[in-house]
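Only one structure is covered here, and it is reproduced in the block below.
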Amino acid sequence: MDSPTPPAATRHIRLTSHPGQGTDSAPALRWGAADPHERGPVVGSTGNRSQRNVIGTHSGSYGVYRALAVAAGNLTKGHRADLTNTAPTDAVGPYPVWGDAHKMVSIDPWGASVQTVYADYLERGYDIRPTIAVTKAHIHLPEIKQALAFQRLQVDGKILLEDASATVTKIAVEPVWWLPGVAERFKVSEADLRRALFEETGGMYPELVTRSDLEVFLPPIGGQTLYVFGDVRDLANPNVTLTARVHDECNGSDVFGSDICTCRPYLTHAIEECIRGAQAGGVGLIAYSRKEGRALGEVTKFLVYNARKRQVGGDRADKYFLRTECVAGVQDMRFQELMPDVLHWLGITKIHRLVSMSNDKFDAITGSGIEVGERVKIPDELIPADAKVEIEAKVAAGYFTDGRVPTADDLAQVKGRGLE
């Protein structure tokens with residue numbers, strides 16, 4: 001019996017989305033070069049595989065939604081972004097640190113300006129996407145309205161408007177990892193890093209272990225959003241007082257006001273401090289990173305909540321970290337080693353007032369060469385009752401405080417409510 005004739009429109013699936021190793025068709029990437037043309041553009045788009053010079057795709061985890069849109073027929077495969085009028089509203093840099101491969105390993109310093117610095121590549125048909133976007137916005141927060149009502153803040157018509165909104169420059173940053181630098185930052189070999197990334201993503205990116213010539217990876221993770229109060233250019237001026245908070249995502253508290261942690265109160269307190277500082281002639285910065293649940297994820301976080309509330313003796317500060325380790329195997333996976341990169345991208349050399357109690361963040365910032373002056377803890381009156389378990393455990397573990405450090409006996413007495 002004759003075999004059936006294969007359909008004329010048979011589509012072949014390529015097991016690699018890159019050109020052959022050693023090809024000259026993709027732009028060369030020389031990480032750490034101070035000149036953007038010598039460095040070369042980051043090309044993570046998938047429309048033309050011969051142009052690709054990185055592992056992964058733009059938009060991080062949102063690449064999966066793009067795939068769904070293509071599969072559903074809602075998005076034309078190979079769509080090219082029209083970048084007309086998308087240029088940044090505020091210029092950032094360039095700063096000398098952009099050419100330091102050891103200071104910038106997790107973001108592309110030229111990612112906000114591809115429309116201009118790589119205009120020649122775009123004209124020649126290269127599909128280059130920005131990995132940083134800079135825009136303007138007004139933000140409305142009930143806590144700021146409250147600060148106005150209690151006269152802690154005043155309307156000035158520039159930073160804080162009559163409708164109680166604050167004016168900001170808003171910057172979105174996608175991660176772009178230079179693997180040799182990331183490995184160095186974590187004090188591991190590049191080979192071990194590549195293997196772990198390959199295996200722990202279920203083999204999602206074979207090029208991690210098959211293409212050592214591709215050194216740049218666009219990981220499928222969330223990025224950062226920066227909110228600047230005042231002039232963005234002042235961030236790089238150590239003579240202008242900078243108030244800053246580096247905040248890691250907590251959807252339950254930040255968005256919905258869950259009272260088991262101090263995240264939203266600390267965030268809104270920092271925003272108030274940033275506004276006050278900008279009104280006094282300084283500049284404020286909130287750097288918000290997508291690291292939900294200490295980068296353990298929200299499902300794990302909620303499982304830990306249940307374990308804490310149901311354990312013998314109830315939710316106790318002396319067992320706070322233990323319950324996380326039992327479920328996740330580790331206390332925290334946020335790893336602040338890469339966090340200072342975005343501060344260097346902004347040209348920051350000194351933070352005069354750091355609104356944070358985290359020693360991990362403080363150590364990472366100062367260890368990267370940025371000076372920190374005053375550290376500002378969350379005011380006691382802003383700590384929700386159920387969040388005292390968290391804050392007391394953290395202070396006892398070494399978090400910054402200008403008050404008393406609880407003893408082991410003290411911790412055993414600090415308890416949260418049950419599951420109710």
Side-chain angles (χ1 to χ4, degrees), residues 86-95 97-98 103-104 106-113 130-141 143-144 147 153-161 163-175 222-249 254 266-290 339-356 361 365 368 370-374 376:
T86 63
T89 57
D90 298 72
V92 178
Y95 298 109
V97 72
W98 288 15
K103 296 285 189 183
M104 305 285 292
S106 64
I107 61 176
D108 175 12
W110 303 103
S113 49
T131 56
I132 301 175
V134 185
T135 189
K136 294 285 193 183
H138 291 186
I139 60 173
H140 296 256
L141 292 169
E143 289 88 349
I144 298 306
L153 291 175
Q154 304 293 328
V155 169
D156 65 294
K158 181 180 178 182
I159 303 297
L160 200 52
L161 307 181
D163 64 355
S165 65
T167 61
V168 296
T169 299
K170 187 163 60 173
I171 305 172
V173 183
E174 291 179 0
Q224 298 167 289
T225 309
L226 313 175
Y227 292 85
V228 182
F229 301 80
D231 192 332
V232 173
R233 292 169 297 185
D234 285 340
L235 292 167
N237 186 348
N239 296 316
V240 175
T241 299
L242 168 57
T243 302
R245 174 163 176 78
V246 176
H247 188 92
D248 293 327
E249 178 183 29
D254 295 341
Y266 216 161
L267 175 61
T268 56
H269 173 65
I271 290 172
E272 182 176 333
E273 291 294 319
C274 285
I275 291 172
R276 184 178 294 106
Q279 289 180 325
V283 61
L285 170 68
I286 302 292
Y288 192 95
S289 297
R290 299 315 190 285
M339 174 267 293
D341 290 26
V342 75
L343 305 179
H344 290 294
W345 178 71
L346 294 166
I348 293 172
T349 58
K350 182 175 182 178
I351 298 174
H352 301 73
R353 304 184 72 238
L354 178 64
V355 189
S356 174
K361 294 175 183 176
I365 292 169
S368 75
I370 296 174
E371 181 184 350
V372 172
E374 178 186 2
V376 181

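These values consider heavy atoms only, across backbone and side chains, with no hydrogens, waters or symmetry-generated copies.
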Do [X] and [Y] come within less than 4.5 Å of each other through their side chains, counting heavy atoms only?
X    : Y    : value
L343 : I351 : yes
I286 : L267 : yes
V376 : L354 : no
F229 : V283 : no
I132 : V92  : no

I need the minimum non-hydrogen distance between [X] and [Y], along with the two atoms involved.
X    : Y    : result
A112 : P88  : O-CG, 3.2 Å
G277 : T243 : CA-OG1, 4.5 Å
P109 : M104 : CB-CE, 3.8 Å

Discussion item. Checking Y288 now: which residues fulfil ring pair (Phe, Tyr, Trp, His ring centres under 6.0 Å) with it, not counting sequence neighbours?
Written reply: H247
Worksheet item: Should Y227 and I139 be marked as a side-chain contact (heavy atoms from CB on, under 4.5 Å) after you check the CA-CA gap, both sets of side-chain angles, and the distance that decides it?
Response: CA-CA 10 Å; Y227 292 85; I139 60 173; 4.3 Å; yes
Separation of [Y] [atom2] from [X] [atom1] (nearest 0.5 Å):
X    : Y    : atom1 : atom2 : answer
K350 : T241 : NZ    : OG1   : 8.0 Å
I370 : I365 : CD1   : CD1   : 6.5 Å
Q279 : I159 : CD    : CD1   : 7.0 Å
T349 : L242 : OG1   : CG    : 9.0 Å
W345 : L226 : CH2   : CG    : 6.5 Å
R245 : H269 : CZ    : NE2   : 9.5 Å

Worksheet item: Got more than 12 heavy atoms from elsewhere within 6.0 Å of CZ, R290?
Response: yes
Practice prompt. Can you run down the salt bridge (Lys or Arg N to Asp or Glu O under 4.0 Å) pairs that involve residues 275-285, sequence neighbours left out, and say none if there aren't any?
Written response: E272-R276, E273-R276
Pair up each side-chain donor or acceptor in residues 166-175 with any protein partner under 3.5 Å, not counting sequence neighbours, and list the distances.
unit_1, atom_1, unit_2, atom_2, d
T167, OG1, K158, O, 2.7
T169, OG1, K136, NZ, 3.2
E174, OE1, S59, N, 3.2

Practice prompt. Run the numbers on L160 and Q154 for side-chain contact (heavy atoms from CB on, under 4.5 Å), then give the verdict.
Written response: CA-CA 7 Å; L160 200 52; Q154 304 293 328; over 6 Å; no
Practice prompt. Using salt bridge (charged side-chain N to carboxylate O under 4.0 Å, His left out) as the criterion, list what pairs up with D248, not counting sequence neighbours.
Written response: R334, K361
Worksheet entry | Side-chain donor or acceptor of D234 paired with backbone N/O of N237 under 3.5 Å |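 Here the side-chain-to-backbone pair does not exist.
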Worksheet item: Does the D341 side chain pair with the main chain of S106, one donor and one acceptor, at a distance under 3.5 Å?
Response: yes
Practice prompt. Check the angle between the aromatic planes of Y95 and W98 and answer parallel, tilted or perpendicular using the 30° and 60° thresholds.
Written response: perpendicular
Item to complete: Run the numbers on H352 and E374 for side-chain contact (heavy atoms from CB on, under 4.5 Å), then give the verdict.
Response: CA-CA 6 Å; H352 301 73; E374 178 186 2; over 6 Å; no
Worksheet item: Among all residues two or more places apart in sequence or in another chain, which pass the side-chain contact (heavy atoms from CB on, under 4.5 Å) test with S165?
Response: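 S165 satisfies side-chain contact (heavy atoms from CB on, under 4.5 Å) with H138, H140, L161, D163 once adjacent residues are dropped.
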Discussion item. Using the side-chain contact (heavy atoms from CB on, under 4.5 Å) criterion, which residues pair with S113? Sequence neighbours excluded.
Written reply: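 Listed in chain order: W110, T116, V117.
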Item to complete: Tell me, with the steps shown, if H344 and S368 meet side-chain contact (heavy atoms from CB on, under 4.5 Å).
Response: CA-CA 9 Å; H344 290 294; S368 75; 3.0 Å; yes
